[in-house]
Amino acid sequence: DEDFRKRFRTEARTQSKLSHPNIVKLIDFQERKNGLFLIMEYVEGKQLNDYIRDVTGPMPDEKLVPLFKEILSAIKYAHSKGLIHRDIKPSNILITDEGNVKVIDFGIAKSADEDKGLTKTGVQVGTVSYMSPEQVRAKKLDSLTDIYSLGVTLFQMAVGKAPYSAQTNTFKIQLSIVSEPIPDPKEIYPSISDKLVSIIEKSTQKKKEDRFQSCEEFIKSFDNEVVLEKVTKLEPLKNNSKALKKTTKKFKKPFYQRKKIIFLLALLFNISVTLWIMIFLDGGFGDLF
C-alpha cells in the first residue's frame, strides 16, 4: 500500500525533527520487505488517562500545573518546528516513573507550512472528544487547534473525567463541541479552583481568536490573571433564537385574527341553527318580529 508507506515516511520525517525532553524520541526508521519500523525511545510509565484514573483522580493544582507546563513546553517546541500535533489527548501523553511528561504519537502531525495532499480539507483527523470545533467541521487547521485540545486535556486532569465522557454517541459529541459551551468543570468536581476554570474556558473558546494564541501565552496564564475579553456567543443557537423571534412575530397577529374569525363563524352558525328551528316549529318568522 503505497499510500500507507507515504504516511509512514511522513511520520518518520516528522518525528525525526523533534528533540525535546518531553517528547518521545525517534531513534531510527526502516523499511523492509516484511514491514515498516519505527525504533523509538522506550518509556516506562503510564498513559495520562490511566494515571488520572488509577493514581491521582482529579489533580490538585500543585501537582497539575508543573505536569501541564511540561506538556505545553513539548507542544510549544513542536509548534516552533512548524508542526501541529492534531491528536492531543491524555492517552498520547505518558507520565514516567520519575513523574515527568513524554508526549507521543505524532503520527497525524502536520507541517503548518507544507501540505503534501496526504490529509486534505474536508477530512477529519483526531479523536472526537478532544477535537476542536474546526476539526469537527473538517476545516483547515493551525496551531490553535492544539490549544483547544490542550484545554480539554487540562479539563480531564483537573476534574478526573473528560468533558463528554458520559456521552457515547459520536454525532452528539461533535454537535456539542460545535454548538454548546464546554461543560462546567465545577459541576463534575466542585473543588476545582476558579483560576483553572478560567484557563479551561479561555483555551476552549469556539472561535480561535478568543483562545490563547500560543503555548507561551497558555503557560503564562498560570501566573497571570486570565481575562476573557468576550464570551463567544454560539452562532447556531443565536441564529435559531433570531429565527424563533421572527417566526413568533410573523404568526402572532394572524393567530388572533383567525381566533376572531372562528368566534364569528361559530356565532353565525348558532344564530342560523336557531332561526331554522324557529321556522320548523312555527312555520315562519312571525313570532320573531
Side-chain angles (χ1 to χ4, degrees), residues 7 10-11 14 68 71-72 74-93 103 105-157 162-165 167 169-185 198-219 221 226 228-240:
R7 289 179 180 275
T10 299
E11 177 176 352
T14 298
F68 195 72
I71 300 170
L72 286 168
I75 302 303
K76 175 186 172 183
Y77 172 80
H79 288 176
S80 74
K81 297 295 182 181
L83 296 174
I84 309 160
H85 191 288
R86 302 198 295 176
D87 196 21
I88 295 169
K89 56 185 177 181
S91 61
N92 278 339
I93 298 165
V103 178
D105 197 1
F106 279 79
I108 63 169
K110 177 178 177 292
S111 172
D113 54 6
E114 290 182 16
D115 190 347
K116 299 296 185 183
L118 296 178
T119 53
K120 300 177 182 178
T121 300
V123 179
Q124 284 184 350
V125 291
T127 304
V128 64
S129 294
Y130 303 89
M131 281 184 176
S132 64
E134 57 269 26
Q135 273 180 296
V136 171
R137 295 180 184 275
K139 301 291 186 181
K140 188 173 181 180
L141 305 180
D142 56 28
S143 61
L144 297 181
T145 197
D146 283 348
I147 296 292
Y148 185 96
S149 299
L150 285 163
V152 180
T153 299
L154 177 61
F155 182 109
Q156 188 165 341
M157 293 172 72
Y164 306 106
S165 57
Q167 296 188 38
N169 185 295
T170 298
F171 175 76
K172 287 183 178 179
I173 294 173
Q174 290 176 320
L175 190 62
S176 296
I177 291 170
V178 169
S179 62
E180 298 174 8
I182 196 166
D184 184 355
S198 297
I199 292 172
I200 291 167
E201 185 178 353
K202 174 76 173 177
S203 58
T204 56
Q205 289 290 298
K206 303 299 179 189
K207 293 183 178 179
K208 295 192 292 185
E209 60 267 26
D210 294 338
R211 299 174 202 157
F212 297 115
Q213 296 300 293
S214 67
C215 287
E216 181 62 28
E217 186 181 347
F218 207 153
I219 291 169
S221 70
V226 177
L228 289 172
E229 295 181 1
K230 58 179 178 178
V231 177
T232 302
K233 293 183 178 180
L234 307 179
E235 293 301 325
L237 298 181
K238 185 173 69 172
N239 291 341
N240 287 345

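Bear in mind that the values here come from a model prediction, so they are computed numbers and not experimental data.
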Undergrad: Between His79, Arg86, Lys76, which is the residue that forms a side chain to side chain donor-acceptor pair (under 3.5 Å) with Asp146?
TA: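 So, applying the side chain to side chain donor-acceptor pair (under 3.5 Å) to Asp146 and each of His79, Arg86, Lys76, only His79 qualifies.
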Undergrad: Looking at Glu209 and Lys202, is there a salt bridge between them, counting it only when a charged N and a carboxylate O are closer than 4.0 Å?
TA: no
Undergrad: Where do Gly151 and Ser203 come nearest, in terms of heavy atoms and distance?
TA: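 Answer, listing the atom of Gly151 first, then Ser203: CA-OG, 3.2 Å.
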Undergrad: Less than 4.5 Å apart, any side-chain heavy atom of Ser198 and any of Glu201?
TA: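 A side-chain contact is absent here, since even the closest heavy-atom pair is not under 4.5 Å.
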Undergrad: Going from OG1 on Thr145 to NZ on Lys139, what distance comes out if it is rounded to the nearest 0.5 angstrom?
TA: 13.5 Å
Undergrad: By the definition side chain to side chain contact (heavy atoms under 4.5 Å, CB included), identify the one residue from Ile182, Asn169, Val152, Thr170 that meets it with Tyr164.
TA: Ile182
Undergrad: Please tell me if the side chains of Pro133 and Tyr148 come closer than 4.5 Å, counting only heavy atoms from C-beta onward.
TA: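 Pro133 reaches Tyr148 side chain to side chain.
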Undergrad: Can you confirm whether Leu150 sits close enough to Cys215 that some side-chain heavy atom of one is under 4.5 Å from a side-chain heavy atom of the other?
TA: yes
Undergrad: Taking the side chain as C-beta and beyond, is there a heavy-atom pair between Phe218 and Ile75 under 4.5 Å?
TA: no
Undergrad: So, taking the atom named CZ in Arg211 and the one named CG in Leu144, what distance separates them when rounded to the nearest 0.5 Å?
TA: 6.5 Å
Undergrad: How long is the straight-line distance from CD1 of Ile199 back to OG of Ser221, given to the nearest 0.5 Å?
TA: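 These two atoms lie 4.0 Å from each other.
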Undergrad: In the structure I gave you, are the side-chain heavy atoms of Phe155 and Thr204 within less than 4.5 Å of one another anywhere?
TA: no
Undergrad: Any side-chain heavy atom of Pro181 within less than 4.5 Å of one from Lys206?
TA: no
Undergrad: Would the distance check show the side chain of Gln167 and the main-chain N or O of Ser165 forming a donor-acceptor pair, the cut-off being under 3.5 Å?
TA: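 Side chain of Gln167 to backbone of Ser165, a donor-acceptor pair under 3.5 Å: no, none is there.
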Undergrad: The criterion is side-chain hydrogen bond (donor to acceptor under 3.5 Å, both in side chains); which residues satisfy it with Tyr130, sequence neighbours excluded?
TA: Gln156
Undergrad: So how far is it from Asn92 CG to Asp87 CG, rounded to the nearest 0.5 Å?
TA: 5.0 Å
Undergrad: Rounded to the nearest 0.5 Å, what's the gap from CG on Leu72 to CD1 on Ile88? Could you check?
TA: 8.5 Å
Undergrad: Any carboxylate oxygen within less than 4.0 angstrom of a Lys/Arg side-chain nitrogen, looking at Asp142 and Lys140?
TA: no
Undergrad: Ignoring hydrogens, what is the shortest heavy-atom contact between Pro163 and Pro183? Give both atom names and the distance.
TA: O-CG, 3.5 Å
Undergrad: For a 4.5 angstrom cut-off between non-hydrogen side-chain atoms, does Ile200 reach Pro185?
TA: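 Result yes, sub-4.5 Å side-chain heavy-atom pair found.
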Undergrad: Measure the shortest side-chain to side-chain distance between His85 and Val103 over non-hydrogen atoms and say whether it is less than 4.5 angstrom.
TA: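 Yes, their side chains come closer than 4.5 Å.
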Undergrad: Rounded to the nearest 0.5 Å, what separation is found between the OG atom of Ser132 and the CD1 atom of Ile177?
TA: 8.5 Å
Undergrad: Which heavy atom of Glu217 sits nearest to which heavy atom of Gln213, and what is that distance?
TA: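 Here Glu217 and Gln213 meet closest at OE1-N, 2.9 Å.
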